[in-house]
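Shown next, in structure tokens, is the structure this report addresses.
Bear in mind the structure is a predicted one, so any value in this text is a computation, not a measurement.
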Amino acid sequence: MIKNTFSAIILKEENEDNKGSVEFQVVSFTNRIRRLTSHLELHKKDYLSQRGLRKILGKRQRLLAYLSKKNRVRYKELIEQLEIRETKNH
């Protein structure tokens, strides 16, 4: 629960104009991933939500790969803020 509130705080700090930035998209995907994960803990046989979760995970992974190529410092900061693991390839 602490992670969810922390991510929500990061979203509030972002400007309205900056919704297209990679960081904003990764934060919003992370919020959705955490929400879906808690949903799936209760509803283990909700296969459509599992598929949606996998799609969001893939999108976030591609965005993080892009960010790590373009700006490694911003990538490291974002990984630390969201408390997510670094991918094996990077």
Side-chain angles (χ1 to χ4, degrees):
M1 286 301 178
I2 294 172
K3 290 182 181 179
N4 285 341
T5 56
F6 182 70
S7 298
I9 291 169
I10 293 174
L11 280 175
K12 290 177 185 175
E13 291 175 358
E14 293 284 332
N15 291 337
E16 295 273 330
D17 305 332
N18 215 7
K19 287 188 177 180
S21 72
V22 177
E23 288 93 346
F24 183 86
Q25 290 181 45
V26 170
V27 169
S28 63
F29 282 146
T30 302
N31 283 338
R32 289 176 63 190
I33 288 167
R34 290 185 176 142
R35 202 169 51 237
L36 271 173
T37 304
S38 64
H39 167 78
L40 287 171
E41 288 173 358
L42 293 174
H43 309 281
K44 294 183 185 346
K45 293 190 177 186
D46 188 353
Y47 299 115
L48 286 175
S49 293
Q50 287 179 13
R51 180 176 184 263
L53 176 63
R54 281 197 269 351
K55 287 180 80 168
I56 295 169
L57 284 168
K59 287 181 185 179
R60 184 180 74 174
Q61 186 176 10
R62 286 191 299 273
L63 280 172
L64 286 171
Y66 168 80
L67 186 62
S68 71
K69 288 177 191 171
K70 292 293 179 183
N71 192 336
R72 191 71 177 170
V73 175
R74 283 174 38 197
Y75 170 77
K76 288 284 191 184
E77 289 173 359
L78 186 62
I79 292 285
E80 287 176 16
Q81 279 183 332
L82 295 176
E83 298 174 359
I84 55 179
R85 289 182 298 198
E86 191 170 350
T87 57
K88 293 179 184 177
N89 301 350
H90 305 284

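- Note that the NZ atom of Lys55 and the CG atom of Leu36 stand 12.5 Å from one another [nearest 0.5 Å].
- Residue Leu48 places its CG atom among 12 or fewer non-hydrogen atoms of other residues, nucleotides or ligands, all under 6.0 Å distant.
- The nearest pair of heavy atoms linking Lys19 to Phe24 is O-CD2, 3.2 Å.
- Across every non-hydrogen atom of Leu82 and Arg34, the tightest pair is O-NH2, 2.6 Å.
- In this structure, Leu57 and Gln61 have side chains that are not in contact, with every pair of non-hydrogen atoms separated by 4.5 Å or more.
- To the nearest 0.5 Å, atom OG of residue Ser68 and atom CG of residue Leu63 are 11.0 Å apart.
- Here the OH-CG distance, from Tyr47 to Leu40, works out to 11.0 Å after rounding to the nearest 0.5 Å.
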Passes side chain to side chain contact (heavy atoms under 4.5 Å, CB included), Ser49 versus His43? Steps please. CA-CA 9 Å; Ser49 293; His43 309 281; over 6 Å; no

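- Looking at heavy atoms from C-beta onward, Arg35 lies out of side-chain contact with His39 at the 4.5 angstrom threshold.
- Between Arg32 and Ile56 the shortest heavy-atom distance is NH2-CD1, 3.4 Å.
- Residue Tyr66 holds its OH atom at 14.5 Å from CZ of Arg62, rounded to the nearest 0.5 Å.
- Partners of Lys76 according to the side chain to side chain donor-acceptor pair (under 3.5 Å) rule, which considers only residues two or more places apart in sequence or in another chain, are Glu86.
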Assess the residue pair Leu78 and Ile84 against the criterion (side chain to side chain contact (heavy atoms under 4.5 Å, CB included)); give the C-alpha distance rounded to whole Å, side-chain angles, the decisive distance to 0.1 Å, and a yes or no. CA-CA 9 Å; Leu78 186 62; Ile84 55 179; over 6 Å; no

Determine whether Leu67 and Glu23 satisfy the following criterion, side chain to side chain contact (heavy atoms under 4.5 Å, CB included), listing intermediate values before the conclusion. CA-CA 8 Å; Leu67 186 62; Glu23 288 93 346; 4.2 Å; yes

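- With Gln50 contributing its side chain and Lys44 its backbone, the two residues share a donor-acceptor pair below 3.5 Å.
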Please report the C-alpha distance between Val22 and Asn71 in whole Å, then the side-chain angles of each, then the deciding distance to 0.1 Å, and finally whether the side chain to side chain contact (heavy atoms under 4.5 Å, CB included) criterion is met. CA-CA 11 Å; Val22 177; Asn71 192 336; over 6 Å; no

